[in-house]
S.K.: 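Handing you this structure, nothing more for now.
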Amino acid sequence: AAMKMVTDMERIGDHAADISEMTVVMADHPYQLNLGSVNRMASETTVMLIQSIEAYIEKDISKAKKVIERDDVVDGLFDQLKSEIIEMIHSKPEEAEQTADMLMVGKYFERIGDHATSLVAAARELNEKELQFSPEAQAELAVICAAVSDVCDMACKSFINNDMTLAALVEPLEEVIDKLNKDIKQ
């Protein structure tokens with residue numbers, strides 16, 4: 001369960017970096033799609049990630065349940081986004097590339113939500129089995145949790161605000177997460 005948590009955090013960092021990369025790719029052309037669904041996905045997944053980490057640290061079952069409930073919201077928003085994208089492709093086929101990119105961004109947010117839900121499941125398993133991390137492992141986990149939370153927040157804000165400066169900071173931090181993950185697994 002502990003390794004699953006670390007792997008999920010690494011994947012969240014990967015998806016955050018992917019979102020920032022897509023933000024840069026789409027920067028040359030104003031967004032044509034109404035971003036309501038995607039922005040709500042960004043907000044929901046950020047809250048999910050924070051609550052999943054807090055649920056683990058605080059052993060808070062109610063926060064864990066809220067993460068799972070929010071995952072259903074994110075899944076619904078992704079379905080809504082897909083419908084909006086299909087409509088956009090039909091009405092403005094010349095925007096098909098950007099709308100396909102937007103679908104990828106939505107999918108990355110949806111996957112972040114799934115990984116946050118997996119974090120809750122791994123935390124629940126650790127609690128049920130009464131497993132404890134050593135103080136050193138707790139410290140390492142705290143560092144990677146903070147880094148993942150920061151990278152996810154940065155990716156969301158860079159996308160929502162179309163902020164290239166912030167987007168450029170995501171990948172280097174995600175590389176730090178990869179190194180932390182590798183160090184923890186050794």
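Computed from a prediction, not measured in an experiment: that's the story for all the values here. Counting from 1, the numbers follow the sequence of the chain as shown.
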S.K.: Just wondering, do M48 and D71 contact through their side chains at under 4.5 Å, heavy atoms?
M.R.: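 Yes, their side chains come closer than 4.5 Å.
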S.K.: Locate the shortest heavy-atom distance separating N181 from T7; write the atom from each residue and the value.
M.R.: OD1-N, 4.3 Å
S.K.: L77 versus F109: any side-chain heavy-atom pair under 4.5 Å?
M.R.: no
S.K.: First locate atom CE of M154, then atom OG of S20, and finally report the distance between them rounded to the nearest 0.5 Å.
M.R.: 7.0 Å
S.K.: What are the two closest heavy atoms between A123 and M5, and how far apart are they?
M.R.: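 Closest pair (atom of A123, atom of M5, distance): N-SD, 4.3 Å.
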S.K.: Taking only residues two or more places apart in sequence, or in another chain, which ones meet E58 in a salt bridge (charged side-chain N to carboxylate O under 4.0 Å, His left out)?
M.R.: K63
S.K.: What distance do E84 atom CD and L103 atom CG have between them, rounded to the nearest 0.5 Å?
M.R.: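 It comes to 11.5 Å.
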S.K.: Mind checking salt bridge (charged side-chain N to carboxylate O under 4.0 Å, His left out) for D14 and listing every partner two or more places apart, or none if nothing turns up?
M.R.: R11
S.K.: Going only through I, L, V, M, F, W and Y residues with side-chain contacts under 4.5 Å, is there a path from I50 to I144?
M.R.: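 Each belongs to a different hydrophobic cluster.
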S.K.: Going by side-chain hydrogen bond (donor to acceptor under 3.5 Å, both in side chains), name the pairs with one or both residues in residues 91-103, residues two or more places apart or in two chains.
M.R.: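 Qualifying pairs: H29-E95.
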S.K.: Is any side-chain heavy atom of L119 less than 4.5 Å from a side-chain heavy atom of V67?
M.R.: no
S.K.: Which pairs, with at least one residue in residues 142-186 and sequence neighbours excluded, count as a ring-ring contact (aromatic ring centres under 6.0 Å, His included)?
M.R.: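 Only Y31-F159 qualify under ring-ring contact (aromatic ring centres under 6.0 Å, His included).
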S.K.: Using the rule given for side-chain contact (heavy atoms from CB on, under 4.5 Å), can you reason through K82 versus D79, listing the C-alpha separation, both sets of side-chain angles and the distance that settles it, and then say yes or no?
M.R.: CA-CA 5 Å; K82 287 190 296 189; D79 289 341; 3.5 Å; yes
S.K.: Ignoring hydrogens, what is the shortest heavy-atom contact between S158 and T23? Give both atom names and the distance.
M.R.: O-CG2, 3.5 Å
S.K.: Let me confirm one number: the CE-CD distance from M26 to E21, rounded to the nearest 0.5 Å.
M.R.: 11.0 Å
S.K.: Is the closest side-chain heavy-atom distance between M9 and L180 below 4.5 Å?
M.R.: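 No, side chains not in contact.
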S.K.: Spell out, as yes or no, whether a donor-acceptor pair under 3.5 Å connects the side chain of S149 to the backbone of C145.
M.R.: no
S.K.: Taking it one step at a time, do D183 and E140 satisfy side-chain contact (heavy atoms from CB on, under 4.5 Å)?
M.R.: CA-CA 9 Å; D183 291 348; E140 289 175 340; 5.8 Å; no
S.K.: Under 4.5 Å between side-chain heavy atoms, counting indirect links through other Ile/Leu/Val/Met/Phe/Trp/Tyr residues: same cluster for V25 and I89 or not?
M.R.: no
S.K.: Search all heavy atoms of I85 against all heavy atoms of M102 and return the closest pair with its distance.
M.R.: CD1-C, 4.0 Å
S.K.: Would you check, one step at a time, whether the test salt bridge (Lys or Arg N to Asp or Glu O under 4.0 Å) holds for K107 with E110?
M.R.: CA-CA 5 Å; K107 187 61 179 176; E110 190 270 337; 3.1 Å; yes
S.K.: Roughly how far, to the nearest 0.5 Å, is the OG1 atom of T45 from the NE2 atom of H15?
M.R.: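 Result: 11.0 Å between the selected atoms.
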S.K.: Decide whether I160 and I19 are clustered together by the hydrophobic rule: side chain heavy atoms of Ile, Leu, Val, Met, Phe, Trp, Tyr closer than 4.5 Å, transitively.
M.R.: yes
S.K.: Which ILVMFWY residues can you reach from V24 by hopping between side chains whose heavy atoms are under 4.5 Å apart?
M.R.: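 M164, which link up through side-chain heavy atoms under 4.5 Å apart, make up the rest of the cluster.
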S.K.: Which atom names give the shortest non-hydrogen contact between C152 and L49, and what distance separates them?
M.R.: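 In this case the closest contact between C152 and L49 is CB-CD2, 3.6 Å.
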S.K.: Indicate yes or no: at least one non-hydrogen side-chain atom of I177 is less than 4.5 angstrom from one of V151.
M.R.: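 They are in contact (side-chain heavy atoms under 4.5 Å apart), so the answer is yes.
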S.K.: Does CZ in R40 sit with more than 12 non-hydrogen atoms of other residues, nucleotides or ligands closer than 6.0 Å?
M.R.: no
S.K.: Taking the side chain as everything from C-beta on, heavy atoms only, tell me whether L169 gets closer than 4.5 Å to L166.
M.R.: yes
S.K.: Please name the pair of heavy atoms, one in A116 and one in S52, separated by the smallest distance, quoted to 0.1 Å.
M.R.: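 Where A116 meets S52 most closely, the heavy atoms are O-CB, 3.4 Å.
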S.K.: How many angstroms lie between atom CD of E125 and atom OG of S118, to the nearest 0.5 angstrom?
M.R.: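 Here the rounded value is 11.5 Å.
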S.K.: According to a 4.5 Å side-chain heavy-atom criterion applied to Ile, Leu, Val, Met, Phe, Trp and Tyr, with indirect links allowed, do V73 and F78 form part of one hydrophobic cluster?
M.R.: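 Linked, V73 and F78 end up in one cluster.
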S.K.: Can you list the residues that meet the side chain to side chain donor-acceptor pair (under 3.5 Å) rule with D75, with sequence neighbours excluded?
M.R.: none
S.K.: Once rounded to the nearest 0.5 Å, what's the spacing between atom NE2 of H90 and atom CE of M88?
M.R.: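 With rounding to 0.5 Å, NE2 (H90) is 12.5 Å from CE (M88).
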S.K.: Would D178 and K182 count as a salt bridge (Lys or Arg N to Asp or Glu O under 4.0 Å) if you check the C-alpha gap in whole Å, the side-chain angles of each, and the deciding distance to 0.1 Å?
M.R.: CA-CA 6 Å; D178 288 346; K182 183 180 176 186; over 6 Å; no
